[in-house]
Amino acid sequence: MITGKYPSLRLRRSRKNDWSRRLVEENNLSSNDFILPIFLIDGNNKKIPIKSMPDVYRYTIDKIRPVIDKAINNGLPMIALFPYSSKTKKNLLGTEALNEDNLVCKAIQVIKKKYKNEIGIMCDVALDPYTSHGHDGLLSDNYVLNDETIEVLVSQSLLQAQMGCDVLAPSDMMDGRIGHIRKSLDKNGYQMTQLLSYAVKYASNFYGPFRDAIGSKGLLKGNKKNYQMDFRNKNESLREVALDIKEGADMVMVKPGMPYLDIIKLVKENFKIPVMAYQVSGEYSLLSNGINKGIVDKNVILESLIAFKRSGANAIVSYYADKLDKILK
Ligand code: PBG
């Protein structure tokens, strides 16, 4: 039996009732905190399930309207477009990236025409959906060439900006691409197109389902370790972000998400720049499969998303972003 005045401070007092827990909550989520990835596929009238990602689909352009209507109604600030390219459109150089009639270019135009600035559009800048070897850049002797790749990325960026893309998101991890892309955008009158740099992107095993979603699964020769970061490293993330800020990045991404909360916190505390976290495909599918099999409760989703906010992320790219009505309520 505890007697006397200890403990005079009882932290459990504020946890006792729901109203009180709500009163002292330190972090919360709103629809403003989410970016919704959308996978596109050629053709008409199709919504194709992706095997390795429960409840995620590839849409033909004529079928994306309800998805975007819902995103806008739910108050999401931005969508991110990713193309699934058929094998016939892939080659060694990824030239489809520069085709002004490619899937992403067509989608940007359709969406911009209909929705104007009701929602932001973000596009990946990288070649991996379009290369026959699945790498993000030009390959020579199993090495991804840096400066040669940047030249293509600069053209890809400019093309996407011309189509109306609001936020270009280079996800390739080449050295110096932010500076080159920024300069070319400015020179060509796209001073207001934003750059969200995937500044800290790790060579991760959590990307598997995404590669299935964009049709590069099984194609990838080797791995991406000679350009994406080593997951043993932390200090290096600060150097990556410092360079990208100097080169003109408006926002930075840390990717993957949940296994890298320490990096999100580190970047936020050091640079005070908007930091986006990417809850990647592998994280999504592991959680969703666990829920679907009854191994964990569906509240793991909310818990995982709040963790991003707690660590300092401004927003989260998440495949749950179109399911928030169920998650946040
Ligand atoms: C490629 C790219 C990847 C993702 C986004 N852009 C995969 C990769 O680098 O292999 C992964 C997203 C996810 O797993 O959800 N430029």
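Since the model is a prediction, treat every value here as computed from it, not as a measurement. No hydrogens, no waters, no symmetry mates; every other heavy atom, side chains included, goes into these values. For this chain, numbers begin at 1 and follow the sequence in order. Counting starts at 1 for both ligands and their atoms, following the listed order.
- The backbone N or O of L92 sits less than 3.5 Å from a side-chain atom of S132, completing a donor-acceptor pair.
- For NZ of K70, the number of neighbouring non-hydrogen atoms (other residues, nucleotides, ligands) closer than 6.0 Å is greater than 12.
- A donor-acceptor distance shorter than 3.5 angstrom exists from the side chain of K90 to the backbone of P129, with no hydrogens or angles considered.
- Considering OG of S14 and CH2 of W19, their distance stands at 9.0 Å, rounded to 0.5 Å.
- Between F34 and Y320, the distance from one ring center to the other does not fall under 6.0 angstrom.
- Within 4.0 Å of ligand 1, protein heavy atoms belong to D124, A126, D128, D136, S171, K201, Y207, F210, R211, K224, Q228, K255, Y278, V280, S281, Y319, listed by chain and number.
- Ring centroid separation for the pair Y260 and Y202 comes in under the 6.0 Å cut-off.
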